[in-house]
Amino acid sequence: MAKLETTYMGLKLKNPIVPSASPLSRNLDDIKKLEDAGASAVVLYSLFEEQIALESGELSHLLEGGAASLADAEAYFPAEQDYPRDPDAYVEHIRKAKEAVDIPIIGSMNGTSTGGWLDYAKKIEEAGADGLELNIYFIPTTDTLLGMDVETLYLDIVEAVSDSVNIPVAVKLSPFFSALPDVATRIDEAGADALVLFNRFYQPDINVEQKTIEPSITLSSSADLLLPLRWVAILYGQVDCSLALTSGVHTSEDVLKALMAGADVANVCSVLLQDGIGKLKEILEGTSQLMDKLEIESLSSIRGSLSLENYVEPLAFERASYIKLLQGYGRI
Ligand SMILES: Cc1cc2nc3c(=O)[nH]c(=O)nc-3n(C[C@H](O)[C@H](O)[C@H](O)COP(=O)(O)O)c2cc1C
């Protein structure tokens with residue numbers, strides 16, 4: 001039997017399949033089902049900075065200069081009955097989740113400033129979370145903001161949180177940096193125990209007939225794996241912290257690809273929203289069978305085996321592959 005154990009940000013996990021933040025962790029029954037299906041840990045849906053600001057009366061201050069035209073702060077959130085808005089209820093949810101299951105529970109916070117909302121990191125730790133994932137969902141929309149300002153924002157948040165808690169901290173990154181290995185290394189040095197590649201940005205569409213912008217969340221497919229796969233392969237060996245791959249993991253093969261590129265865990269989300277929680281069991285069993293078939297004894301034996309670390313001239317290798325592919329297209 002293939003050995004599926006892995007270590008992720010200091011947590012010893014029985015396998016590399018970790019459901020990422022999503023509505024599937026909103027209720028305890030589903031968290032239990034995720035555990036029963038074989039999930040080795042669960043990242044809870046995010047607590048948003050805006051939720052904390054709303055509770056503390058600071059939301060209008062937070063919106064100043066950015067979304068001041070949003071007269072009603074309520075517009076930020078779904079109906080109360082659909083979503084627990086109270087940040088303390090989130091902390092309580094973590095406490096209950098910890099009681100309900102044996103697998104590690106990783107809290108998630110989503111925000112873009114170094115304000116008071118970060119105090120909730122400590123509360124999440126005190127509620128028993130085994131780790132904390134920071135999703136810094138920041139979209140620069142003005143030309144007065146420099147790339148290094150954005151990077152400083154990330155670093156300041158990571159430093160503030162990792163100084164305030166003792167549990168491991170993961171940082172969910174965006175792919176939109178001009179020199180990701182440099183940023184990743186600095187986030188690692190600022191105290192991150194894991195990098196999660198990549199945050200999937202909500203990308204609004206345009207309705208041509210209505211002449212309106214349409215908010216949309218599209219679920220991923222395995223084709224979306226290629227972007228994080230490449231960057232995990234590039235970062236492997238360059239950062240000391242763990243790596244999680246999120247986006248496009250839909251099959252057992254995708255899980256092994258993530259590991260071969262250099263990830264410690266493969267996050268699943270869209271596939272479970274699409275096919276149900278039971279799909280996790282199928283992916284897990286399939287991973288084990290595929291490893292047996294390919295005579296892979298353990299994940300540690302393949303981790304990073306196809307990372308860029310194995311190439312003497314990574315930059316030249318990337319360029320050479322690119323040129324060869326473009327110029328060779330259609331020749332077979
Ligand atoms: C409906 C939905 C809700 C999500 N909620 C969160 C969230 O609260 N926090 C977060 O960091 N990511 C959230 N995500 C992003 C996922 O955790 C995941 O990183 C992303 O969907 C890419 O993985 P996938 O291709 O497996 O879906 C959400 C994604 C979806 C589709």
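All ligand and atom numbering here is 1-based and tracks the order in the structure. Just so we're clear, the structure is a prediction, and the values are computed from it rather than from any experiment.
For ligand 1, none of its N or O atoms has an N or O atom of F48 under 3.5 Å away. On a distance-only criterion, N110 and ligand 1 share no N/O pair closer than 3.5 Å. Ligand 1 has no nitrogen or oxygen under 3.5 angstrom from a nitrogen or oxygen of R200. Not a single N or O atom of E133, backbone or side chain, sits closer than 3.5 Å to an N or O atom of ligand 1. Taking only nitrogen or oxygen atoms, main chain and side chain alike, Y45 does not reach within less than 3.5 Å of ligand 1. Checked against a 3.5 angstrom limit, the closest N/O atoms of N199 and ligand 1 fall outside it. Polar contact with ligand 1: present for S46 (N/O pair, distance under 3.5 Å).
When side chains are defined from C-beta on, I167 does not count as touching D130, because their heavy atoms never get closer than 4.5 Å. In this structure, L28 and E99 have side chains that are not in contact, with every pair of non-hydrogen atoms separated by 4.5 Å or more.
Classification of R95 and E92 as a salt-bridged pair holds, one side-chain N sitting under 4.0 Å from a carboxylate O. In summary, D30 and K33 engage in a salt bridge, as defined by a charged side-chain N under 4.0 Å from a carboxylate O. Salt bridge present: D182 and R186 bring a charged side-chain N and a carboxylate O closer than 4.0 Å.
The N135 neighbourhood of ligand 1 comprises atoms 10 (C), 11 (O), 12 (N), with distances under 4.0 Å to a heavy atom of that residue. Using a 4.0 Å cut-off to heavy atoms of G248, the atoms of ligand 1 that qualify are 24 (P), 25 (O). Here is the list of ligand 1 atoms found below 4.0 Å of a heavy atom in L219: 31 (C). Every atom of ligand 1 with a heavy atom of S220 under 4.0 Å away is listed here by number and element: 24 (P), 25 (O), 27 (O). With ligand atoms numbered from 1 in the order given, ligand 1 contributes 16 (C), 17 (O), 18 (C), 19 (O) to contacts under 4.0 Å with heavy atoms of S20. When each atom of ligand 1 is checked for a heavy atom of K172 under 4.0 Å away, the hits are 10 (C), 11 (O), 12 (N), 15 (C), 16 (C), 17 (O), 18 (C), 19 (O). Listed by atom number, the atoms of ligand 1 under 4.0 Å from S247 heavy atoms are 22 (C), 23 (O), 24 (P), 25 (O).
For the residue pair Y236/D264, the side-chain donor-acceptor check at 3.5 Å is not satisfied. Counting only N and O atoms by type, the side chains of Q289 and S252 include no donor and acceptor under 3.5 Å apart. If you check the side chains of D254 and T251, you find a donor sitting under 3.5 Å from an acceptor.
Within the structure, ligand 1 has L273 among the residues with a heavy atom less than 4.0 angstrom away.
Taking the six-membered ring where the residue is Trp, the centroids of F198 and F176 are separated by 6.0 Å or more.
Among P23, C269, P19, the residue whose heavy atom sits closest to atom 3 (C) of ligand 1 is P23.
With hydrogens and angles disregarded, no donor-acceptor distance shorter than 3.5 Å links the side chain of S162 to the backbone of A192.
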